Colleague: 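Supplied in structure tokens, the structure appears directly below.
In what follows, chains carry the letters A, B, and so on, assigned in the order in which the sequence lines appear, proteins first and then strands, with residues in each chain numbered from 1. Values below: all heavy atoms of this structure, side chains included; hydrogens, waters and symmetry mates excluded. It should be emphasised that the depicted structure is a prediction, and the values quoted were computed from it without experimental measurement.
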Number of protein chains: 2
Amino acid sequence: MEALPRETIVDVLESRLREDILAGRHPAGSYLPPERQLAQGYGVTRTTLKHAFGRLAQAGLLETRHGVGTRVRDFARLGGADLLPMLVRHDARWVREVFEVRRSIGALIAERAAVRGTVRQRAELTALLGAVREAASPDAVQLADVEVHRALARATGNRVYVLLTNTLFNAYLPVRAALRGPFTDAEAAHRRLAPVVEAVGAGDCEGAKAAADAYLRDTERIMLEGLS
Amino acid sequence: MEALPRETIVDVLESRLREDILAGRHPAGSYLPPERQLAQGYGVTRTTLKHAFGRLAQAGLLETRHGVGTRVRDFARLGGADLLPMLVRHDARWVREVFEVRRSIGALIAERAAVRGTVRQRAELTALLGAVREAASPDAVQLADVEVHRALARATGNRVYVLLTNTLFNAYLPVRAALRGPFTDAEAAHRRLAPVVEAVGAGDCEGAKAAADAYLRDTERIMLEGLS
DNA sequence: AGTGACTGAGTGGATGAGCCACTGAACCAG
DNA sequence: CTGGTTCAGTGGCTCATCCACTCAGTCACT
């Protein structure tokens, strides 16, 4: 089974603050109330509040200066891709934009993987593709599918592609339950994905690019019509 | 002048821990020593240590479970692009991989911007390009150059491209002093970048892609030869 | 034997009082 | 007007203490 969900006070406080910020209740550039006051307002200790602040600062949402205060960063302008998970959770319209980028980058990755993938990596791809067909539940199919894409990214030989892929998946996985359309039928999912793996396996760079683009376009369509 | 450098204990402790993790002194999957023991080892309070832990957990390097312990995540496999800045700082070999990806994605962005950029955005690009030529110091040229690329990302109409661009810049800007080669001559920098802005302004999608690729290739070459 | 409740050691989570360090503005002396 | 001083307000950090969770071992009961 799954491990997981513990909700500590800091977790809750962090989400609460994040929501307040993303919803614009604390505009970019504005200063938050002093820690002592804010902590009292939320009914927590200053220490606890600071833990939440620390995380949000690390995420790029806040910026604190000793002796001055804590201010909301202009994350829409300067923020990095690690904000995506929280942005997607906060506003589903981001999903479409994520998909568009995912499609372009997915095609790039398939192309590179076809050129650079090692024999070992191609074999791994085939094995992981098989796992998609064998997966028992739609959820498992979805996760198996993700693993194939991670392996594709690794096969580019460029670790930055792996990180980017993870970033995009991190944005997508938390809301994946709503996007399960393409994975209800393991056989069909396997059929859609297979051409990509085959083209990469054959070292067919143009073919891999086209197959990846087609795969991502199909999957995206099915996901979004389920969302409507 | 710049604002900046405060080094709090938590900052130092965080870097120290991060180094220890990235260098593999705490292998992925292994548990860190208990907080009380570790805090004593570093000569700080447990509270302070926990602040540092919080940041690293947010960054995806650690994973804490109540009653069990704190464990090092397999960030190389599962980490997101937000790790890039620390990875680059820790090992310069990442820079080359970042550049390769930057080149591919930069071409994508230019292509989209040519198709989708609004009149207003094209005008902004021209203005920002002008600022590159006018910049007084190499450092200013470099930052003006970055602003042009941010604007290009905005012109795609897809906010995810903006975030990705920021992520890649976040990886690059902390070490930018070592990569100033292309920006010592403002006039030359302007000359290299101009074709991209022009093609985007003209709505020439193929041309923009080619120009961006050429620009990024040139810049990258100059940077890396300065690096040896 | 097998089952299930109980217990205790070890872990992280949270608190609140207290002090230190920094910033900026107001003030004041030159 | 300039430059130093003061002070109120802010975040940084520590400490001592308690709470909550996990896990493995125990032990009585079946």
Colleague: Which residue, V68(A) or V44(A), contacts DNA chain C at a nucleotide closer to its 5' end, judged by nearest heavy atom?
Modeller: V44(A)
Colleague: Donor-acceptor pairs are to be reported for all side-chain atoms of residues 118-125 of chain B against protein atoms at under 3.5 Å, with residues two or more places apart or in another chain.
Modeller:
unit_1	atom_1	unit_2	atom_2	d
T118(B)	OG1	Q121(B)	N	3.1
T118(B)	OG1	Q121(B)	OE1	3.3
Q121(B)	OE1	T118(B)	N	3.0
Q121(B)	NE2	R154(B)	O	3.3
R122(B)	NE	G117(B)	O	3.1
R122(B)	NH1	V200(B)	O	2.6
R122(B)	NH1	G201(B)	O	3.2
R122(B)	NH2	A114(B)	O	3.3
R122(B)	NH2	G117(B)	O	2.7
E124(B)	OE2	R154(B)	NH2	3.0

Colleague: What N/O pairs connect the protein and nucleotides 6-9 of chain C at under 3.5 Å? Give each pair on its own line.
Modeller:
none

Colleague: Taking R103(B) first and then E100(B), would you say they form a salt bridge - that is, a charged N and a carboxylate O separated by under 4.0 Å?
Modeller: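 Salt bridge flag = no for E100(B) with R103(B).
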Colleague: Distance check needed: dC19(D) P versus E35(B) CD, whole Å only.
Modeller: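 Answer to the nearest Å: 18 Å.
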Colleague: dC13(D) C1' sits how many Å from Y42(B) OH, rounded?
Modeller: 18 Å
Colleague: For residues E187(B) and D185(B), report the shortest heavy-atom separation together with the two atoms involved.
Modeller: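 Nearest heavy atoms, E187(B) then D185(B): N-OD1, 2.9 Å.
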Colleague: OP1 or OP2 of dG12(D) sitting under 4.0 Å from any side-chain N/O of T8(B)?
Modeller: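 Negative; the distance criterion is not met.
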Colleague: In whole angstroms, how far is the C1' atom of dC20(C) from the NE2 atom of H66(A)?
Modeller: 8 Å
Colleague: Counting side-chain heavy atoms from C-beta on, which of dG12(C), dC23(D), dA16(D) comes nearest to R65(B)?
Modeller: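 Closest nucleotide among those given: dC23(D).
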Colleague: Could you give the distance from CG (N158(B)) to CZ (R96(A)), rounded to the nearest 0.5 Å?
Modeller: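 Interatomic distance, N158(B) CG to R96(A) CZ, rounded to 0.5 Å: 12.5 Å.
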Colleague: Taking salt bridge (Lys or Arg N to Asp or Glu O under 4.0 Å) as the definition, give me every residue that meets it alongside E97(B), ordered by chain and number, with sequence neighbours left out.
Modeller: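 Partners of E97(B) by the salt bridge (Lys or Arg N to Asp or Glu O under 4.0 Å) criterion, ordered by chain and then number, come out as R159(A).
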Colleague: Mark yes or no for a side-chain to base donor-acceptor pair under 3.5 Å between T47(B) and dC15(D), with no hydrogen or angle criteria applied.
Modeller: yes
Colleague: Quick one: label T64(A) by what it contacts on the DNA or RNA (base, sugar-phosphate, nothing), any heavy atom closer than 4.0 Å.
Modeller: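 The residue T64(A) makes sugar-phosphate contact but no base contact.
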Colleague: Output the rounded distance in Å from CD (Q40(B)) to C1' (dG12(C)).
Modeller: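 Distance, rounded to whole Å: 17 Å.
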Colleague: Do R55(B) and E14(B) sit within salt-bridge range, that is, some charged N less than 4.0 Å from a carboxylate O?
Modeller: yes
Colleague: Ignoring hydrogens and angles, answer whether the base of dG11(D) and the side-chain atoms of R36(A) contain a donor-acceptor pair closer than 3.5 Å.
Modeller: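 Between dG11(D) and R36(A), which were checked side chain against base, a qualifying N/O pair under 3.5 Å is present.
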Colleague: G67(B) or G69(A): which one's nearest nucleotide on DNA chain D is closer to the 5' end?
Modeller: G69(A)
Colleague: On DNA chain C, nearest-nucleotide positions of H51(A) versus Q37(B): which is more 5'?
Modeller: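 Its nucleotide being nearer the 5' end, the pick is Q37(B).
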Colleague: Starting at NZ of K50(B) and ending at P of dA16(D), how long is that distance when rounded to a whole Å?
Modeller: 17 Å
Colleague: Take atom CD of E63(B) and atom P of dT11(C), then tell me their distance rounded to the nearest Å.
Modeller: 18 Å
Colleague: Rounded to whole Å, how long is the line connecting atom CZ of R46(A) with atom P of dA17(C)?
Modeller: 12 Å
Colleague: Specify the separation, in whole Å, of atom CZ of R71(A) and atom P of dT10(D).
Modeller: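 It works out to 16 Å between those atoms.
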Colleague: Could you state the interatomic distance from NE2 (H149(A)) to OH (Y161(A)), rounded to the nearest 0.5 Å?
Modeller: 15.0 Å
